[in-house]
Amino acid sequence: QVQLVESGGGLVQAGDSLRLSCTASGSTFSRTAGGWFRQAPGKEREFVAGISRSGETTAYAESSLGRFTIFRDNAKNTVYLQMNSLKPEDTAAYYCAAVTTLFSSSVYDKAATYAYWGQGTQVTVSL
């Protein structure tokens, strides 16, 4: 079992940066692939970025590419999402997710793949 807790959200202006953190409890974190998703009011949850359990492989949504970076520190049981050049359309609740996998290089972009979810952290970007 893995419990996930996000932090780092807040209210920022367009062009600013934020770093989200997702800290996991449980001893199996290093065997999980991770992902960040977001959901804006009235919209479906969408993939933002994913990372393999080894941290060597990453994937990004087109809207995130070039602005967001996902990385992890398995010694700290934490996955991060560095968000730069934020835009108002990035406003959403951001959720981290994890799934246990046997494959060290696999990354997953479908929400249904993930077994564990955090409670979400709000990111609001104003003009």
Side-chain angles (χ1 to χ4, degrees):
Q1 192 76 7
V2 177
Q3 288 81 42
L4 305 173
V5 178
E6 303 101 332
S7 62
L11 172 62
V12 297
Q13 293 186 322
D16 285 350
S17 297
L18 275 177
R19 177 177 292 184
L20 305 183
S21 300
C22 173
T23 301
S25 62
S27 60
T28 61
F29 178 74
S30 62
R31 299 202 294 270
T32 65
W36 284 96
F37 291 76
R38 68 186 183 187
Q39 187 166 19
K43 295 188 177 181
E44 293 187 356
R45 188 168 297 190
E46 64 175 4
F47 173 74
V48 175
I51 189 165
S52 63
R53 71 180 205 185
S54 68
E56 294 180 352
T57 307
T58 58
Y60 296 91
E62 189 172 337
S63 59
S64 308
L65 205 57
R67 299 188 300 126
F68 295 0
T69 302
I70 187 170
F71 58 102
R72 66 190 294 161
D73 185 340
N74 284 346
K76 295 183 178 180
N77 278 11
T78 302
V79 174
Y80 303 92
L81 183 69
Q82 177 67 42
M83 304 186 294
N84 299 329
S85 302
L86 283 161
K87 305 175 182 180
E89 49 264 44
D90 295 318
T91 295
Y94 283 71
Y95 298 88
C96 71
V99 59
T100 303
T101 177
L102 295 175
F103 307 107
S104 62
S105 300
S106 294
V107 181
Y108 306 97
D109 63 357
K110 300 292 188 293
T113 303
Y114 289 87
Y116 308 107
W117 290 85
Q119 82 289 350
T121 186
Q122 180 66 34
V123 172
T124 303
V125 184
S126 64
L127 286 170

Chemist: Can you name the nearest heavy-atom pair linking S105 to S52, along with the distance?
Modeler: C-CB, 3.6 Å
Chemist: For G120, does its backbone N or O pair with a side-chain atom of E6 as donor and acceptor, under 3.5 Å?
Modeler: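 At least one qualifying donor-acceptor pair exists.
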Chemist: Minimum heavy-atom separation for F47 to A59, with atom names?
Modeler: CZ-O, 3.7 Å
Chemist: If only side-chain N and O atoms count, and only distance matters, is there a donor-acceptor pair under 3.5 Å linking T23 with T78?
Modeler: yes
Chemist: Is there a side-chain contact between T100 and Y116 in this structure, where contact means two heavy atoms from C-beta onward sitting under 4.5 Å apart?
Modeler: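 Yes. Closest side-chain heavy atoms under 4.5 Å.
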Chemist: Under a single-linkage definition using a 4.5 Å side-chain heavy-atom cutoff for Ile, Leu, Val, Met, Phe, Trp and Tyr, are I51 and V107 assigned to the same hydrophobic cluster?
Modeler: no
Chemist: When hydrophobic residues are tied together by side-chain contacts of less than 4.5 Å, even through go-betweens, does V123 share a cluster with F68?
Modeler: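 Yes, because V123 and F68 connect within a single hydrophobic cluster, where side-chain heavy atoms sit under 4.5 Å apart.
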Chemist: Can a donor-acceptor pair be found, under 3.5 Å and without considering hydrogens, that links the side chain of S54 to the backbone of S104?
Modeler: yes
Chemist: Backbone N or O of A24 within a donor-acceptor pair of the N77 side chain at under 3.5 Å?
Modeler: yes
Chemist: Given a cutoff of under 4.5 Å between side-chain heavy atoms of I, L, V, M, F, W and Y, with clusters grown through shared members, what are the other residues clustered with F71?
Modeler: Y80
Chemist: Is there any ring pair (Phe, Tyr, Trp, His ring centres under 6.0 Å) pair reaching into residues 88-115, and which pairs are they, with sequence neighbours excluded?
Modeler: F37-Y114
Chemist: Where is the tightest heavy-atom contact between S63 and R38, given as atom of each residue plus distance?
Modeler: OG-NH2, 3.5 Å
Chemist: Any idea which heavy atoms bring G9 and L20 closest together, and the distance?
Modeler: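 Taking G9 first and L20 second, the nearest heavy atoms are N-CD2, 3.6 Å.
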Chemist: Please round to the nearest 0.5 Å and tell me the distance separating atom OG of S21 and atom CZ of R72.
Modeler: 13.5 Å
Chemist: Does the T124 side chain pair with the main chain of T91, one donor and one acceptor, at a distance under 3.5 Å?
Modeler: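 Not confirmed, T124 side chain does not pair with T91 backbone.
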Chemist: Cut-off 3.5 Å, side chains only: do N84 and S17 have a donor facing an acceptor?
Modeler: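 Yes, S17 and N84 have a side-chain donor paired with an acceptor closer than 3.5 Å.
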Chemist: Evaluate L11 against Q122 for side-chain contact (heavy atoms from CB on, under 4.5 Å), listing each step before the verdict.
Modeler: CA-CA 8 Å; L11 172 62; Q122 180 66 34; over 6 Å; no
Chemist: More than 12 non-hydrogen atoms from neighbouring residues, nucleotides or ligands closer than 6.0 Å to CD on E89, yes or no?
Modeler: yes
Chemist: Say you draw a straight line from CG of L4 to OG of S25; how long is it, rounded to the nearest 0.5 Å?
Modeler: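 Rounded to the nearest 0.5 Å, the CG-OG separation comes to 7.5 Å.
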Chemist: How far apart are the closest heavy atoms of P88 and L127, and which atoms are they?
Modeler: CG-CD2, 3.5 Å
Chemist: Considering all heavy atoms of both residues, which atom of V99 and which atom of A115 are nearest to each other, and what is their separation?
Modeler: CB-N, 4.1 Å
Chemist: Are side-chain heavy atoms of I70 and V79 found at a separation under 4.5 Å?
Modeler: yes
Chemist: Start with the C-alpha distance between W117 and R45, add both sets of side-chain angles, then the distance that settles side-chain contact (heavy atoms from CB on, under 4.5 Å), and finish with yes or no.
Modeler: CA-CA 12 Å; W117 290 85; R45 188 168 297 190; 3.3 Å; yes
Chemist: Can you check whether D90 reaches R67 side chain to side chain, under 4.5 Å on heavy atoms?
Modeler: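 Touching, per the 4.5 Å side-chain cut-off.
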Chemist: Supply the atom-to-atom distance E46 CD to S64 OG, rounded to the nearest 0.5 angstrom.
Modeler: 7.5 Å
